[in-house]
**Q** 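One structure, pasted below without further comment.
A quick note: this is a predicted structure, and the numbers were derived from the prediction, not measured.
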Amino acid sequence: MMRERAKRVAVFGGILLTCGLLYGWLCVHTGVAVPCVFYQITGYSCPGCGVTRMCLNILKGNIPEAIRCNPALFFCLIPLLFVFADSIIRYIKNGERKLRKWQEIVLYIVIAVLLIHGVIRNIDF
């Protein structure tokens, strides 16, 4: 059973990685990207604006530019990595899907940070 769960995670992860890399390739080579609907409607940047540029800069190794694209999400990547890694390991080992309390807290903090960043980035100083 553990082997089946590991296979499911690997297949799902492979599909996500492939889709992400294909989208990145499409963005780089054609200039076509998914526009931010929130920005188009309101004229304000949403908490996720800049994620595509951030990811592309991370892949290029241009960390300072990646941070400039979306600093809040960039610095939330490490705690999110721990949350998802622990979840994947526990799922593979024993099929457990429920988040632990600390994971829920981390996710709520990340959401709060992104929402606050979304407001602050639109204030003209």
**Q** To the nearest 0.5 Å, tell me how far Leu73 CG sits from Cys55 SG.
**A**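 Leu73 CG to Cys55 SG: 7.5 Å, rounded to 0.5 Å.
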**Q** Search all heavy atoms of Ala66 against all heavy atoms of Met54 and return the closest pair with its distance.
**A**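 Between these two residues, the closest heavy atoms are O-CG, 3.4 Å.
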**Q** Are Val9 and Leu99 co-members of a hydrophobic cluster defined by side-chain heavy atoms under 4.5 Å apart?
**A**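 Result: no, two separate clusters.
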**Q** Give a yes or no answer on whether the side chain of Asn62 reaches the backbone of Asn57 with a donor-acceptor pair at less than 3.5 Å.
**A**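 Looks like no, no N/O pair under 3.5 Å.
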**Q** To the nearest 0.5 Å, what is the distance between SG on Cys46 and CG on Asn122?
**A**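 If we round to the nearest 0.5 Å, Cys46:SG and Asn122:CG are 9.0 Å apart.
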**Q** Counting C-beta onward and ignoring hydrogens, is there a side-chain heavy-atom pair between Val28 and Leu56 closer than 4.5 Å?
**A**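 Side-chain contact under 4.5 Å: yes.
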**Q** Mind checking the CZ-CD1 spacing from Phe12 to Ile88? Nearest 0.5 Å is all I need.
**A**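 Going from the CZ atom of Phe12 to the CD1 atom of Ile88 covers 9.0 Å.
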**Q** Determine the minimum heavy-atom distance between Val113 and Ala72, stating which atoms define it.
**A**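 Nearest heavy atoms, Val113 then Ala72: CG1-CB, 4.1 Å.
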**Q** Give a yes or no on whether Ile78 atom CD1 has more than 12 heavy-atom contacts from other residues, nucleotides or ligands under 6.0 Å away.
**A**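 No, the 6.0 Å shell around CD1 holds no more than 12 heavy atoms from other groups.
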**Q** Does Leu59 share a hydrophobic cluster with Leu80, counting links as ILVMFWY side-chain heavy atoms below 4.5 Å and allowing steps through other members?
**A**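 Per the 4.5 Å side-chain linkage, Leu59 and Leu80 are not co-clustered.
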**Q** Do Leu77 and Ile58 come close enough that some side-chain heavy atom pair is under 4.5 Å?
**A**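 The answer is yes; the side chains approach within 4.5 Å.
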**Q** Between Gln103 and Val83, what is the shortest heavy-atom contact and its length?
**A**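 Heavy atoms only, the tightest pair is NE2-O, 3.0 Å.
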**Q** Taking all atoms of both residues into account, what is the closest heavy-atom pair of Tyr39 and Ser45, and its distance?
**A**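 Looking at all heavy atoms of both residues, the closest pair is CD1-N, 3.9 Å.
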**Q** I need the minimum non-hydrogen distance between Pro47 and Leu114, along with the two atoms involved.
**A**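 Minimum heavy-atom separation between Pro47 and Leu114: CB-O, 3.2 Å.
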**Q** Evaluate the side-chain proximity of Leu17 to Leu21: yes if any heavy-atom separation is below 4.5 Å, no if none is.
**A**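 In contact.
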**Q** What is the distance from atom CG of Asn70 to atom CZ of Arg53, rounded to the nearest 0.5 Å?
**A**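 Here the interatomic distance stands at 8.5 Å.
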**Q** Strictly distance-based, threshold 3.5 Å: is any side-chain N or O of Tyr23 a donor or acceptor partner for the main-chain N or O of Val34?
**A**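 Between the backbone of Val34 and the side chain of Tyr23 there is a qualifying donor-acceptor contact (under 3.5 Å).
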**Q** Any heavy-atom pair between the side chains of Lys98 and Glu104 that's under 4.5 Å?
**A**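 Counting from C-beta outward, Glu104 and Lys98 do come under 4.5 Å.
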**Q** Would you compute the distance between atom CZ of Arg3 and atom CD1 of Ile92 and round it to the nearest 0.5 angstrom?
**A**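 Between Arg3 CZ and Ile92 CD1, I get 12.5 Å after rounding to 0.5 Å.
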**Q** Is any side-chain heavy atom of Lys93 less than 4.5 Å from a side-chain heavy atom of Arg90?
**A**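 Answer no - side chains too far apart.
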**Q** For Arg121, what residues pass the salt bridge (charged side-chain N to carboxylate O under 4.0 Å, His left out) criterion, not counting sequence neighbours?
**A**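 Applying salt bridge (charged side-chain N to carboxylate O under 4.0 Å, His left out) to Arg121 gives none.
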**Q** With rounding to the nearest 0.5 angstrom, report the CG to OG distance, Leu107 to Ser87.
**A**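 Leu107 atom CG to Ser87 atom OG measures 8.0 Å (nearest 0.5 Å).
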**Q** Hey, could you give me each pair passing ring-ring contact (aromatic ring centres under 6.0 Å, His included) that has a residue in residues 46-102? Not counting sequence neighbours.
**A**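 Of all non-adjacent pairs touching residues 46-102, none passes ring-ring contact (aromatic ring centres under 6.0 Å, His included).
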**Q** Over all heavy atoms of both residues, which pair between Gly50 and Cys69 is shortest? Give the atoms and the distance, please.
**A**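 Heavy atoms of Gly50 and Cys69 come nearest at O-CB, 3.6 Å.
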**Q** Any carboxylate oxygen within less than 4.0 angstrom of a Lys/Arg side-chain nitrogen, looking at Arg68 and Glu65?
**A**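 Salt bridge present between Arg68 and Glu65.
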